[in-house]
Amino acid sequence: MKKLPAIIVSVTIGLTVLAGYFFQAELSTVLSLIVDWGILLAGVAGLIGLGYLAQYHLTRLMKREKGAFFSLITLLVFLFILVAGLTLTTQNPFYRNLILNVQVSVEASFLAVLAVTLLYASLKLIRTRGWTPMSVGFLISALISLVLNLGVGMTESGTVLGELVAFWRRLPIVGARGILLGMAIGGLIVGLRVLLSMHRPYGEE
Amino acid sequence: MTWTLMGWIVIGMAAVLLAAFWILFRTHDFDAIRYSAAIQSLQCAQSSAIERGRSRQLVLGNQLNGWTYPGLGLHALACLPGFLSQESVVEGGLSVAAGDGALAVFARQITRQYYQQGFSLGLHQAGVQTMLPGPTPWSLTAGLLSTHPQKFSGSMALLGYFGAEALLWSEAALGNGGDVFSAGGTLAGQSVLFLNVRDLLIGERVFMMPGKPDANRVSLAGWLTEDVLRLLLIVGLVVGAILKMVGVL
């Protein structure tokens, strides 16, 4: 019974947002208000999340766990960026350069590691999954896509070979659409289950 | 017929079917026969990790509400209670990681709620550790890799919205002797995990998770609704293709 007001509020807001997709003109004022509230709440949740992050590293530091030194560095950098962001604002060129130069280079390094890991994982695909139709099909289609994306077999459209190459190029898109449609239906059902309050992860069914 | 009307029809039909099946299963007995080897393996891996005193890690992805895959964040949260029910008999060891503040807050709320319902110290904050290793996909990766146990990994379950970076998470866990299970991710995430994760759910099978291992009426109603909608969609696509081929559309 205690949860009833929360359920009513969430269902009403959920249904209003859903209706807003179809009646944009009529519900634009209410929708913009709800979206503004949503953004505000998401921002507060983000801050709380950062609090969890700081708490985690502080705990590691206090307990002197393995890797506590890195937690100290994380906390110091976090504080520095936070203070710099608050005093200089996010539009300041120095602040933007500081963030982008660190973030972009770290992300590029991760992408490089990912590329190597991807290659390594591809090589041991058969060892992981065995000679199954799925794994063999995956490997062959990945190889064909790689070769086609290199520009090999580029022929004029209208010829039989050209049509075949175009077909092979379209095939992954067809598969992706199939998976996306299935996931969209699944997502719709999950949303409806929560929206209609049939499924309440935060409490008893 | 406009796309808006089409959208209303699909959503309306899904809501009506879901409600109808839910009512049906409330009054009639049901038998949930949906076997998934991957989910069975996940249960074994979790039990094994608990018995051997190893860590259990649950990653809820890096977005609660993504535009391309809107249901994935919510789905990850819906799966969380299933993981918590096992933890009530254990003294800690489960860590729940999220790359979005809202996800982390909701995860902690759900854990706290289960603690209040079950009065299990295993679910207390010290038992189930909810954390936000990083607020962006790559910072989440950096945080996860740095907090991952260096040896003797237990089980790792990947849920929610994530991309190709999940390959690095899974590789770290597998390299340390852990078991990895995945039910989520974008197309890129699912395809890279196909390379090294044996227990993997792809496409709409991802949404089988909240009802497993113990299927309830809501899950069963959801699965059946999904089946009906999928069948209608397939028929619609085939009929549309034929009509286009013969020049009617």
Side-chain angles (χ1 to χ4, degrees), chain A residues 18 21-22 41-53 55-56 60 66-67 70 74 103 106-107 110-111 113-114 117-118 120-122 124-125 128-129 134-135 138 142 176 178-196 198-199 201-205, chain B residues 4 7-8 10-11 14-15 18-19 22 69-72 74-75 77-78 80-81 98 100-102 104-106 108-110 113 117 130-135 138 141-143 146 164-165 167-168 171 187 190 192 194-196 198 202-204 206-207 210 216 218 221-222 225-226 229-230 233:
Chain A
L18 186 65
Y21 280 110
F22 301 105
L41 286 175
V44 173
L47 277 177
I48 297 171
L50 287 175
Y52 290 167
L53 181 67
Q55 183 194 23
Y56 172 74
R60 273 183 84 175
K66 195 180 174 189
F70 296 109
T74 309
Q103 197 175 338
V106 169
E107 288 186 359
F110 268 122
L111 275 172
V113 175
L114 182 64
T117 315
L118 205 54
Y120 169 69
S122 311
K124 59 172 194 173
L125 169 69
T128 309
R129 294 195 164 265
M134 273 283 272
S135 57
F138 186 91
I179 294 178
L180 280 177
L181 280 171
M183 289 186 74
I185 293 176
L188 173 68
I189 303 298
V190 169
L192 281 174
R193 275 163 54 167
V194 176
L195 198 62
L196 300 176
M198 290 177 184
H199 189 158
Y202 47 87
E204 282 175 23
E205 299 287 319
Chain B
T4 308
W8 269 118
V10 172
I11 293 171
L18 193 63
W22 185 49
Y69 305 87
L72 280 177
L74 202 58
H75 165 256
L77 288 173
L80 181 56
D100 181 330
V105 171
F106 281 130
R108 190 169 277 203
Q109 279 296 111
I110 291 170
Q113 179 67 32
Q117 278 173 9
T130 312
M131 57 179 180
L132 185 131
W138 291 111
T141 305
S146 65
E165 68 276 6
L167 183 69
L168 296 177
E171 197 60 42
L187 276 181
Q190 290 181 12
V192 297
F194 183 80
L195 295 171
N196 72 345
R198 203 171 295 165
I202 294 176
E204 68 272 15
V206 161
F207 295 95
N216 53 25
V218 184
T225 311
E226 256 187 82
L229 285 180
R230 203 181 307 145
L233 194 72

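As the structure is a prediction and not an experimental result, all values here were calculated from the model. Letters go in sequence order (proteins before strands), and every chain restarts at 1.
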Novice: Answer yes or no: is there a side-chain heavy-atom contact under 4.5 Å between A:L125 and B:F194?
Specialist: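 A:L125 reaches B:F194 side chain to side chain.
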Novice: Could you pull out the closest heavy-atom pair between B:A14 and A:L192, with the gap in Å?
Specialist: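 Taking every non-hydrogen atom into account, CB-CD1, 3.5 Å.
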Novice: Should A:I48 and B:R108 count as side-chain neighbours, where that means a heavy-atom distance under 4.5 Å?
Specialist: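 When only atoms from C-beta onward are counted, B:R108 and A:I48 do not touch, as no gap falls below 4.5 Å.
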Novice: Using heavy-atom distances under 4.5 Å, tell me whether A:A42 contacts chain B through its side chain, its backbone, both, or neither.
Specialist: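 Nothing of A:A42, per the 4.5 Å heavy-atom cut-off to chain B.
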Novice: Which residue out of B:A102, B:G101, B:P70 racks up the most heavy-atom pairs below 4.5 Å with chain A?
Specialist: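 Of the options given, most contacts go to B:G101.
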Novice: Quick one: closest heavy-atom pair of B:R198 and A:T128, and the distance?
Specialist: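 Looking at all heavy atoms of both residues, the shortest contact is NE-O, 2.9 Å.
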Novice: Using heavy-atom distances under 4.5 Å, tell me whether B:L233 contacts chain A through its side chain, its backbone, both, or neither.
Specialist: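 B:L233 touches chain A through side-chain heavy atoms alone.
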Novice: I need the residue from A:L114, A:I179, A:L181 with the largest number of non-hydrogen atom pairs under 4.5 Å to chain B.
Specialist: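 Answer, by heavy-atom pair count under 4.5 Å with chain B: A:L114.
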Novice: Please find the pair of heavy atoms, one from A:L50 and one from B:P135, that lie closest to each other, and give the distance.
Specialist: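 Answer, listing the atom of A:L50 first, then B:P135: CD2-CG, 4.2 Å.
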Novice: Given that the side chain runs from C-beta out, which part of B:L72 has a heavy atom under 4.5 Å from chain A: side chain, backbone, both or neither?
Specialist: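 Side chain only.
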Novice: With only heavy atoms counted, which part of B:A19 is less than 4.5 Å from chain A, the side chain, the backbone, both or neither?
Specialist: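 It is both, since atoms from each part get that close.
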Novice: Taking every heavy-atom pair that is under 4.5 Å apart, which of B:L80, B:N196, B:T141, B:L187 has the most such pairs with chain A?
Specialist: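 It is B:L187.
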Novice: For chain B, which candidate among A:L180, A:L47, A:T74 shows the most heavy-atom pairs at distances under 4.5 Å?
Specialist: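 Most heavy-atom pairs within the cutoff with chain B belong to A:L180.
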Novice: Tell me, please, which residues at least two apart from B:E226 pass salt bridge (Lys or Arg N to Asp or Glu O under 4.0 Å).
Specialist: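 B:E226: salt bridge (Lys or Arg N to Asp or Glu O under 4.0 Å) contacts with B:R230.
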Novice: Go through the atoms of B:A142 and report whether side chain, backbone, both or neither lie under 4.5 Å from a heavy atom of chain A.
Specialist: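 Both backbone and side chain of B:A142 come within 4.5 Å of chain A.
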Novice: Do you know which of B:W22, B:Y69, B:W8 has the most heavy-atom pairs under 4.5 Å to chain A?
Specialist: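 Looking at each of B:W22, B:Y69, B:W8 in turn, B:W8 comes out on top.
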Novice: Could you walk me through whether A:I189 and B:L229 pass the side-chain contact (heavy atoms from CB on, under 4.5 Å) check?
Specialist: CA-CA 10 Å; A:I189 303 298; B:L229 285 180; 4.0 Å; yes
Novice: Using non-hydrogen atoms only, which part of A:F70 is less than 4.5 Å away from chain B: side chain, backbone, both, or neither?
Specialist: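 For A:F70, there is no contact with chain B at all, as no heavy atom is under 4.5 Å.
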Novice: Any heavy-atom pair between the side chains of B:E204 and A:I185 that's under 4.5 Å?
Specialist: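 Heavy-atom side-chain distance check fails, nothing below 4.5 Å.
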Novice: Compare every heavy atom of A:S122 with every heavy atom of B:L195, then report the nearest pair and how far apart it is.
Specialist: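 The pair with the smallest heavy-atom distance is CD1-OG, 3.8 Å.
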Novice: Please give me the minimum heavy-atom distance between A:A121 and B:L167, naming the atom from each residue.
Specialist: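 Looking at all heavy atoms of both residues, the shortest contact is CB-CD1, 4.3 Å.
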Novice: Quick check on the interface: out of B:I202, B:L132, B:D100, who has the most heavy-atom pairs with chain A under 4.5 Å?
Specialist: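 With the most close heavy-atom pairs to chain A, the winner is B:L132.
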Novice: Non-hydrogen atoms of chain B under 4.5 Å away: do they reach the side chain of A:L188, the backbone, both or neither?
Specialist: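 Contact with chain B involves the side chain of A:L188 alone.
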Novice: Only pairs of heavy atoms separated by less than 4.5 Å count here; which of A:G43, A:G49, A:A45 has the most with chain B?
Specialist: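 Top option by heavy-atom pairs under 4.5 Å: A:A45.
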Novice: Which residues pass the ring-ring contact (aromatic ring centres under 6.0 Å, His included) test with A:F110, sequence neighbours left out?
Specialist: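 Testing A:F110 for ring-ring contact (aromatic ring centres under 6.0 Å, His included), a comparison that skips the adjacent residues, returns B:W138.
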Novice: Nearest 0.5 angstrom please: B:E165 CD to A:T117 OG1, how far?
Specialist: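 Here the rounded value is 12.5 Å.
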